[in-house]
Trainee: 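Following this message is one structure expressed as structure tokens.
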Amino acid sequence: MRLLLLQDNAPFLGKVCKELSMTYKSSCSDNATTNEAPLHRALVDCQQSPRHVYDSSALDTPSDTSPDTSPDTSIHPTPCDNEDFCDLDTYYMHCALAQAQKAALEQEVPIGAVVVCNNTILSAAHNLRQHSHNPSDHAEFIAMLQAAKKLDSWHLERCCVYVTLEPCLMCAGLMLNARIARCVFGAYDQKAGACGSLYNVSNDFRLNHSFELKGGVLADESANLLQQFFKHKRAHG
């Protein structure tokens with residue numbers, strides 16, 4: 001299967017959510033100790049830089065905006081030979097962006113997240129607050145809960161959380177309590193960010209845990225999804 005990255009002249013949301021929805025497969029037989037899912041592989045076309053182009057017209061007449069809360073069993077692409085595109089942080093952030101695009105299809109704020117352990121995607125999620133009416137249903141919050149269930153442990157000390165927007169206080173607090181090893185995020189959140197913008201709870205000596213932090217990975221792509229989503233919302237009420 002050849003996985004095509006979205007180009008400027010391609011239809012956006014429907015196609016990208018079908019082809020780039022990167023999550024995990026439920027089979028866990030390969031690792032009985034950690035219950036991790038194997039990373040399934042496919043070819044990735046890396047001849048051109050990927051573009052996460054937002055087509056707001058896809059939201060005008062959605063056929064079904066009900067959230068898909070079931071685990072996604074689509075195939076994971078493997079990092080390619082293009083060093084600029086295929087470092088692991090960029091690769092996994094593209095996985096999180098695919099979840100953000102899926103959120104936009106469901107009329108949710110387009111933020112996505114994946115939790116990775118030992119180069120394996122344990123869980124993937126996107127915002128669900130509009131449908132669930134649950135204020136804690138942020139993408140990374142849901143993904144961490146799924147990962148803990150997958151590992152059968154609340155300790156996520158070997159895990160890295162990738163999320164397209166800087167975590168808020170609630171989600172950063174859960175990262176502390178889950179003892180994650182690392183967080184990588186896309187766009188900074190100057191109004192609510194708790195990992196560098198307003199606060200930095202990742203490395204506060206008063207707390208009993210700290211975790212490594214890296215921001216700004218695919219920041220433009222992440223911010224563009226949010227900006228175009230809210231621009232469309234304002235235009236259409």
Side-chain angles (χ1 to χ4, degrees), residues 1-24 42 44-46 48-77 85-86 89-116 121 123-132 137-143 146 161-167 184-187 189 216-236:
M1 174 182 179
R2 187 170 181 79
L3 189 64
L4 300 178
L5 294 176
L6 191 63
Q7 303 300 320
D8 287 347
N9 60 350
F12 167 59
L13 286 170
K15 183 176 180 180
V16 103
C17 290
K18 179 179 179 181
E19 296 181 347
L20 278 179
S21 183
M22 306 164 190
T23 54
Y24 64 94
V44 179
D45 188 342
C46 295
Q48 301 186 44
S49 299
R51 295 290 303 279
H52 292 271
V53 183
Y54 186 96
D55 180 8
S56 61
S57 64
L59 298 179
D60 289 336
T61 56
S63 58
D64 183 6
T65 60
S66 300
D68 180 7
T69 58
S70 61
D72 196 327
T73 57
S74 57
I75 296 176
H76 299 287
F85 168 75
C86 289
D89 286 342
T90 302
Y91 164 63
Y92 288 123
M93 190 58 72
H94 275 289
C95 298
L97 275 166
Q99 288 294 313
Q101 293 158 348
K102 185 176 178 181
L105 269 182
E106 298 172 4
Q107 306 298 310
E108 294 280 354
V109 176
I111 300 171
V114 298
V115 176
V116 176
I121 297 177
S123 59
H126 57 77
N127 274 22
L128 281 174
R129 290 193 303 173
Q130 299 302 318
H131 286 87
S132 69
D137 273 353
H138 288 192
E140 63 269 47
F141 201 101
I142 298 170
Q146 291 176 349
V161 178
Y162 291 85
V163 59
T164 57
L165 183 67
E166 180 183 356
V184 179
F185 64 86
D189 187 349
V217 177
L218 298 183
D220 291 342
E221 291 87 340
S222 300
N224 182 63
L225 279 175
L226 288 162
Q227 291 164 1
Q228 294 302 317
F229 177 82
F230 286 114
K231 181 179 179 180
H232 177 267
K233 286 293 186 183
R234 289 191 295 270
H236 294 79

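Keep in mind that this is a model prediction, so the values were computed, not measured. One-based numbering along the sequence shown. Both backbone and side-chain heavy atoms feed into the values below; hydrogens, waters and symmetry mates do not.
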Trainee: Is the closest side-chain heavy-atom distance between Glu108 and Lys102 below 4.5 Å?
Mentor: no

Trainee: For a quick test of reading the model, state the closest non-hydrogen atom pair linking Leu128 to Ile142 and the distance between them.
Mentor: CD1-CD1, 3.9 Å

Trainee: Can you tell me how far apart CZ (Phe229) and CZ (Arg234) are? Round to the nearest 0.5 Å.
Mentor: 11.0 Å

Trainee: Could you give the distance from CD1 (Ile121) to OH (Tyr91), rounded to the nearest 0.5 Å?
Mentor: 5.0 Å

Trainee: OG1 of Thr90 to CD of Glu221: how many Å apart, nearest 0.5 Å?
Mentor: 9.0 Å

Trainee: About how many Å separate CG of Asn127 and CZ of Phe141, when rounded to the nearest 0.5 Å?
Mentor: 12.5 Å

Trainee: Does Glu166 reach the main-chain N or O of Phe185 with its side chain, forming a donor-acceptor pair under 3.5 Å?
Mentor: no

Trainee: What pair of heavy atoms forms the shortest contact from Glu140 to Leu165, and how long is it?
Mentor: OE2-O, 4.4 Å

Trainee: Is the backbone of Val114 close enough, under 3.5 Å, to the side chain of Gln99 for a donor and an acceptor to pair up by distance?
Mentor: no

Trainee: Between Gln101 and Pro110, is there a donor-acceptor pair closer than 3.5 Å when you use the side chain of the first and the backbone of the second?
Mentor: no

Trainee: Testing the basics here: between Val217 and Met93, what is the closest heavy-atom pair and its distance to 0.1 Å?
Mentor: O-CG, 3.5 Å

Trainee: His138 and Ile111: side-chain contact (heavy atoms from CB on, under 4.5 Å), yes or no, with the steps?
Mentor: CA-CA 8 Å; His138 288 192; Ile111 300 171; over 6 Å; no

Trainee: Distance from Glu106 atom CD to Gln130 atom CD, nearest 0.5 Å?
Mentor: 12.0 Å

Trainee: Atom CG of Asp189 and atom CG of Leu226: how far apart are they, to the nearest 0.5 Å?
Mentor: 8.5 Å

Trainee: Which heavy atom of Ala125 sits nearest to which heavy atom of Ala139, and what is that distance?
Mentor: CB-O, 3.6 Å

Trainee: Can you tell me if Thr164 uses its side chain to pair, donor with acceptor, with the backbone of Gly186 under 3.5 Å?
Mentor: no

